[in-house]
Amino acid sequence: MNTGARHSTTATSRGFTLIEIMVVIVIIGIIGALFVPNIIGRGDQARRTAAETDLRSIGMTLDMYRLDNAHYPSTEQGLEALVSKPGGFPEPRNYNPDGYAKRLPTDPWGNPYVYVHVDRGFELYSLGADGVDGGEGGGADIRYRDL
């Protein structure tokens with residue numbers, strides 16, 4: 001007996017990718033690190049924590065780039081290689097057509113993060129509150145390798 005009703009199962013379901021989940025977690029961490037401590041008067045520590053969170057996120061993104069392309073971007077290609085396909089050497093062999101990041105963050109003091117390709121790895125750091133290489137105390141550099 002046909003009642004005339006039709007049931008279609010053409011709905012597609014789309015899950016979240018690991019990268020999407022990581023981005024959400026990083027954003028929540030940055031928001032929490034920036035705003036919650038500021039409310040209770042710990043702005044300097046909040047900015048340092050936000051920079052550490054950014055460095056970890058950028059470091060993981062660089063690792064994903066390396067997994068796809070068998071190398072990290074050169075110093076000349078820089079972190080911009082995470083946003084758009086870089087030219088020059090070494091040419092990425094399997095660059096993600098969507099890139100690896102939508103945009104590059106600046107550190108909590110408004111400065112770009114510093115990236116240098118070394119041997120088979122990289123140096124990644126924030127210049128800290130003073131905005132110059134080196135420094136002590138609150139002005140000390142915040143380095144990815146020290147996290």
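Computed from a predicted model, the values in this text were never measured in an experiment.
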Within this structure, what is the OG1-CZ distance for the pair T53 and R48, rounded to the nearest 0.5 Å?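 Rounded to the nearest 0.5 Å, the OG1-CZ separation comes out at 11.5 Å.
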Between CD1 on residue I142 and CZ on residue R47, distance to nearest 0.5 Å: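 Going from CD1 on I142 over to CZ on R47, the span is 10.5 Å.
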Do [X] and [Y] belong to the same hydrophobic cluster, where Ile, Leu, Val, Met, Phe, Trp and Tyr are linked whenever their side-chain heavy atoms lie under 4.5 Å apart, directly or via other members?
X	Y	value
V23	I28	no
V118	L127	yes
V24	I27	no
L147	V26	yes
L18	Y100	yes

Treating D119 as the side-chain partner and G121 as the backbone partner, does any N or O pair qualify as donor plus acceptor under 3.5 Å?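 Looks like no, no N/O pair under 3.5 Å.
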Under the 3.5 angstrom rule, does the side chain of N69 hit a backbone N or O of H71 as a donor-acceptor pair?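 Pair absent, no side-chain N/O of N69 close to backbone of H71.
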Could you check L124 against V114 for side chain to side chain contact (heavy atoms under 4.5 Å, CB included), going step by step and ending with a plain yes or no? CA-CA 6 Å; L124 179 64; V114 179; over 6 Å; no
Could you please spell out the steps behind the side chain to side chain contact (heavy atoms under 4.5 Å, CB included) verdict for M22 and M64? CA-CA 12 Å; M22 287 177 14; M64 286 187 289; 4.1 Å; yes
Taking all heavy atoms of [X] and all of [Y], pick out the closest pair and write down the distance.
X	Y	value
H117	T75	N-OG1, 2.8 Å
Y65	P92	OH-CB, 3.6 Å
L62	P73	CD2-CD, 3.8 Å
W109	A51	CZ3-CB, 4.1 Å
V83	Y95	C-OH, 3.7 Å
S126	D107	OG-OD2, 2.8 Å

Atom CD of E123 with >12 non-hydrogen neighbours under 6.0 angstrom: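 Atom CD in E123 is packed in, count exceeds 12.
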Side chains of I58 and P105: does their closest heavy-atom pair fall under 4.5 Å?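 Yes, close enough: below the 4.5 Å cut-off.
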Quick one, D63 with L67, criterion side chain to side chain contact (heavy atoms under 4.5 Å, CB included). Give me CA distance, side-chain angles, the key distance, then yes/no. CA-CA 6 Å; D63 288 339; L67 286 172; 5.5 Å; no
ring-ring contact (aromatic ring centres under 6.0 Å, His included) against Y72, all qualifying residues, sequence neighbours excluded: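 For Y72 the ring-ring contact (aromatic ring centres under 6.0 Å, His included) partners, ignoring immediate neighbours, are F122.
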Are Y144 and D54 close enough that a side-chain donor and a side-chain acceptor fall under 3.5 Å?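 Side-chain D/A pair, Y144 to D54: absent.
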Please list, chain by chain and in numerical order, all residues satisfying side-chain hydrogen bond (donor to acceptor under 3.5 Å, both in side chains) with N111, sequence neighbours excluded.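 Result, side-chain hydrogen bond (donor to acceptor under 3.5 Å, both in side chains) vs N111: none returned.
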Suppose we screen for side-chain hydrogen bond (donor to acceptor under 3.5 Å, both in side chains). Which residues come up paired with E20, at least two apart in sequence or across chains?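 Testing E20 for side-chain hydrogen bond (donor to acceptor under 3.5 Å, both in side chains), a comparison that skips the adjacent residues, returns R14, T17.
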Stepwise side-chain hydrogen bond (donor to acceptor under 3.5 Å, both in side chains) test for Y125 and D146: CA-CA 10 Å; Y125 57 97; D146 296 336; over 6 Å; no
